[in-house]
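Report on one structure; see the data block that follows.
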2 protein chains.
Amino acid sequence: MAATTKGPDAEGKPLTLRERKKLRTRQMLIDTALEQFTEHGFDRVTLDALCDAVEVSKRTFFRTFDSKEEVALAPAHDLWTAFLRELETAEPGNSAESSAFALLRDTLLATIERMAAADGGWAQRVRRSRRLAAGAPSIDAHGLAFCDRTSAAVVELVRQRFELSGTRGPQEGLLLRLTVDILVAAFRQAMDTWVADPAEPDAAGLVRAAADACAAVPESLSLRVSPR
Amino acid sequence: MAATTKGPDAEGKPLTLRERKKLRTRQMLIDTALEQFTEHGFDRVTLDALCDAVEVSKRTFFRTFDSKEEVALAPAHDLWTAFLRELETAEPGNSAESSAFALLRDTLLATIERMAAADGGWAQRVRRSRRLAAGAPSIDAHGLAFCDRTSAAVVELVRQRFELSGTRGPQEGLLLRLTVDILVAAFRQAMDTWVADPAEPDAAGLVRAAADACAAVPESLSLRVSPR
DNA sequence: TGGCTTGTGCCACTCAGTGGCAGTATCTCT
DNA sequence: AGAGATACTGCCACTGAGTGGCACAAGCCA
């Protein structure tokens, strides 16, 4: 994936003042947006109003985000970006199973933990963001599309870093894409159960939910139906 | 799912003139749109231009479709709508396996065949539509979101018509959703291979691709990776 | 300090999408 | 067949997202 995202590149430590300022307005925009959107509803908050509140020109907003939806999705965006970074150095599990699915799952769980550790408010922001997306179709659509693009990048990266085996077809890439999509489906499922559950609003809850959802995949394929 | 879609309800035969006219403009819009979009690019065709070509007011366009993207997605839209209808009367496979996944898969394949049988140009239109979506992020996003909404409706419908078993948890609904999402992932995969393959541009090719993708799901979960 | 780069504000503009209202075509009932 | 009820359509004005261009200011690098 080309670095087309406008998010932060949290790697090189020595941030110049300019960059720090930029990050600060970005965070300002995210926080204010999440707040306003949850308070008044996504489409009842105009960008003009939002930019007014943050004291930033609309032009600047669009230099920071690609669309009104993206600011609401920033937490999810950051998660997947971090996931990709994590995947660049991830190694197949030390356990017996070294399936691609397990690798991806473990990397995702590790990423979640790392995000939460690096920023205490992260879990809350993710929940807010997800709730917003659930209520506003256009946000959800953008989120889905972003997931999809990320999936493609994941497939790319894994093929580049690892040797695939366990199949005879010439279509390892296709199988891999399916694997990634299944992981994503499980994660979305986990997200929704986590967001709906008031008991564990912290990152640990999300990790647990994600692990559960991944574990449920084989079961779900053998789920049986009978007419009632 | 409430009947919020603006698509045709191809069930009651005696179509009144009004409805026939409406359907005709709808089809006109779809055909012209697919043509113009593929020719000049999605965002280089304004709605004004499109409506001009079909000699319809923009207001009328928005009474027929919810958004500019939706007209490009109409074929996919129709497919999933038909899938839902099909599912209302589908019965678990007569074969030994009566898994939910098999039920959904078979229903989907049957729906594809039925769509193609009812309308010769259908396959071509679907290909065009999919190609458009692949090239225009905003179309793709809308398509994903629509798939998601349909998935929810499918879960709803299956839970209503069938008894689920094969699991001990109280979360059959969650498992089922996962099942549906996996089917959708497989189908999207199939779509892309089918669209990319010039050899079998007819519906039979899509059916084959979809069946293959579904069959590949278990394999994909056991796909193994090793560092290179 | 002074030039150089980079981010910002402002302005005007395009285009998707909506509400309202008046006009016309279709339906229905006798 | 004709008249009234019932869609559906066209037109117009409007909101709001998103973009291009240019002048200006703030941070950067000697």
Side-chain angles (χ1 to χ4, degrees), chain A residues 4 6-9 12 14-29 32-33 36-37 40-73 132 136-139 141-142 145, chain B residues 3-4 6-9 12-29 32-33 36-37 40-74 132 136-142 145:
Chain A
T4 51
K6 296 185 175 180
D9 286 337
L15 282 186
T16 162
L17 170 58
R18 231 181 230 161
E19 300 172 295
R20 264 178 290 145
K21 266 195 162 180
K22 212 172 173 178
L23 277 207
R24 234 185 45 218
T25 45
R26 186 186 131 95
Q27 202 55 50
M28 272 291 201
L29 281 172
T32 319
Q36 304 246 41
F37 290 166
H40 307 107
F42 178 69
D43 34 12
R44 299 189 57 182
V45 177
T46 68
L47 282 187
D48 292 306
L50 174 59
C51 292
D52 241 37
V54 189
E55 289 182 308
V56 160
S57 88
K58 207 172 55 166
R59 203 69 191 75
T60 293
F61 177 92
F62 281 108
R63 282 191 205 97
T64 315
F65 300 101
D66 283 326
S67 68
K68 187 185 177 186
E69 286 79 19
E70 197 171 298
V71 65
L73 288 169
L132 276 175
S138 92
I139 303 182
H142 272 72
Chain B
T4 51
K6 296 186 174 180
D9 286 337
K13 301 302 155 67
L15 283 185
T16 161
L17 170 58
R18 229 179 231 164
E19 299 171 297
R20 264 178 289 145
K21 266 193 162 178
K22 211 172 172 179
L23 276 206
R24 236 187 43 220
T25 45
R26 186 186 132 95
Q27 202 55 49
M28 272 291 202
L29 281 172
T32 319
Q36 305 244 39
F37 289 166
H40 307 108
F42 178 69
D43 34 10
R44 299 189 56 184
V45 177
T46 68
L47 282 186
D48 291 307
L50 173 59
C51 292
D52 241 36
V54 189
E55 288 183 309
V56 159
S57 89
K58 207 172 55 165
R59 205 67 191 73
T60 294
F61 177 93
F62 282 107
R63 282 191 204 95
T64 314
F65 300 100
D66 282 328
S67 69
K68 187 185 178 188
E69 286 80 18
E70 197 171 298
V71 65
L73 287 169
L132 276 174
S138 91
I139 303 183
D140 208 29
H142 271 74

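Below, all heavy atoms of this structure are taken into account, side chains as well, without hydrogens, waters or symmetry copies. Just so it is clear: chains get the letters A, B, ... in the order the sequence lines come, proteins before strands, and each one is counted from 1.
Distance check, rounded to the nearest 0.5 Å: CG of B/L17 to CZ of B/R24 gives 8.5 Å. Going from atom NE2 of B/H142 over to atom NE2 of A/H142 covers 8.5 Å, rounded to the nearest 0.5 Å. Once rounded to the nearest 0.5 Å, the distance linking CG of B/D66 with CG of B/L73 reads 11.5 Å. For the atom pair CG (B/L29) and CZ (B/F65), the distance works out to 5.5 Å, reported to the nearest 0.5 Å. In this structure, B/F42 CZ and B/Q36 CD are separated by 12.5 Å, a value rounded to the nearest 0.5 Å.
Checking the phosphate oxygens (OP1, OP2) of D/dC11, no side-chain nitrogen or oxygen of B/S57 falls inside 4.0 Å.
Remark: P of C/dT8 and CZ of A/R24 are 11 Å apart, rounded to the nearest angstrom. When rounded to the nearest whole Å, the span between CD of A/E55 and C1' of C/dT8 equals 14 Å. Rounded to an integer number of Å, the gap from CE of B/M28 to P of D/dC8 is 19 Å. Going from atom CZ of A/R44 over to atom P of D/dT15 covers 16 Å, rounded to whole Å. One interatomic measurement links the two molecules: CG of B/L23 to P of D/dC8, which rounds to 11 Å at whole-angstrom precision. Distance A/D52 CG to C/dC10 P: 10 Å, rounded to the nearest Å. Rounded to an integer number of Å, the gap from CD1 of A/I139 to P of D/dA17 is 12 Å.
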Protein heavy-atom contacts under 4.0 Å, written 5' to 3' over nucleotides 16-26 of chain C as B (base), S (sugar-phosphate only) or - (none), form the string BBBBB----BB

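When all heavy atoms of B/R26 and B/A74 are compared, the pair lying nearest together is NH2-CB, 4.1 Å.
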